[in-house]
Amino acid sequence: MRVLLVEDEALLRAQLKGTLEQSGYAVDEAADGQEALHLGSTEPYDAIVLDLGLPLLDGLTVLQRWRSQGQSTPVLILTARDSWHEKVAGIDAGADDYLAKPFHTAELLARLRALVRRAHGLASPLLQHGDITLDTRTGAVTQRGASVNLTAHEHRLLSYLMHRAGQIVSRSELIEHLYAQDFDRDSNTVEVFVARLRRKLGADCIETVRGMGYRLVPPA
Ligand code: CA
């Protein structure tokens with residue numbers, strides 16, 4: 001999963017970026033409203049964390065422009081404490097959830113997980129596919145009850161596919177959603193990670209759909 005983090009306070013931004021990366025997200029960051037508008041309009045994100053008080057262009061305007069362009073990525077806004085009118089204006093502008101500053105990062109992560117799940121019509125935090133289970137709260141992956149050790153990249157790939165189980169996901173889509181903008185992207189790496197996941201979870205867990213991409217094979 002790839003997220004856009006929009007926050008003008010450098011220290012908070014750096015801290016949140018670290019937390020998000022530790023939780024398995026690929027993170028792009030923007031420090032002002034114009035950069036946020038540009039990135040959010042041109043790059044595909046699975047979710048966006050948007051501070052409302054931003055230089056150059058305020059967060060509310062950025063959000064309104066995204067939504068008027070038809071951009072439907074889930075957006076979690078960061079609002080000033082006790083500012084109920086900011087929350088109302090933000091949700092009316094198209095935000096999916098909000099958090100008032102200061103907040104606990106655990107709450108941010110939980111809300112983000114829920115936004116990503118619900119964007120794919122998944123209500124439960126436990127993603128199940130055949131005999132594979134991914135607990136989105138802890139990141140734990142188990143197969144027939146036994147825990148499976150995955151590297152961060154393997155985990156991100158599996159999580160992306162499990163959020164889209166049954167759908168065909170192209171290699172270019174995977175690259176766009178698994179890596180941050182500044183990452184040196186190489187389409188071969190996707191093949192490498194798919195091969196590793198097949199070794200760990202069973203050769204038939206991920207289907208190659210010729211010329212189109214990959215798919216988690218729906219259970220028979
Ligand atoms: Ca701010």
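Read the numbers this way: they start at 1 and go in the same order the structure lists the ligands and their atoms. The basis for the numbers below is simple: all heavy atoms, side chains too, and nothing from hydrogens, waters or symmetry mates.
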J.: Salt-bridge test for Lys101 and Asp51: reply yes if a basic N is under 4.0 Å from a carboxylate O, no otherwise.
T.: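 Judged by the 4.0 Å cut-off on N to carboxylate O distance, Lys101 and Asp51 do form a salt bridge.
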
J.: Taking 3.0 Å as the cut-off, does Asp8 contribute an N, O or S atom near the Ca ion (ligand 1), distance below it?
T.: yes

J.: Thinking salt bridges, do Arg113 and Asp97 make one under a 4.0 Å N-O criterion?
T.: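 Judged by the 4.0 Å cut-off on N to carboxylate O distance, Arg113 and Asp97 do not form a salt bridge.
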
J.: My understanding is that only one of Arg2, His120, His177 makes a side chain to side chain donor-acceptor pair (under 3.5 Å) with Asp46; could you say which?
T.: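 Output: one option passes, namely His177.
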
J.: If you measure from the Lys or Arg side-chain nitrogens to the Asp or Glu carboxylate oxygens, is any gap between Arg171 and Glu191 under 4.0 Å?
T.: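 Looking at Arg171 and Glu191, the cut-off is met.
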
J.: Would you check if the Ca ion (ligand 1) lies under 3.0 Å from any N, O or S atom of Asp51?
T.: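 Yes, since at least one N, O or S atom of Asp51 sits under 3.0 Å from the Ca ion (ligand 1).
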
J.: Specify whether an N/O/S atom of Leu78 falls short of 3.0 Å from the Ca ion (ligand 1).
T.: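 Leu78 does not place any N, O or S atom closer than 3.0 Å to the Ca ion (ligand 1).
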
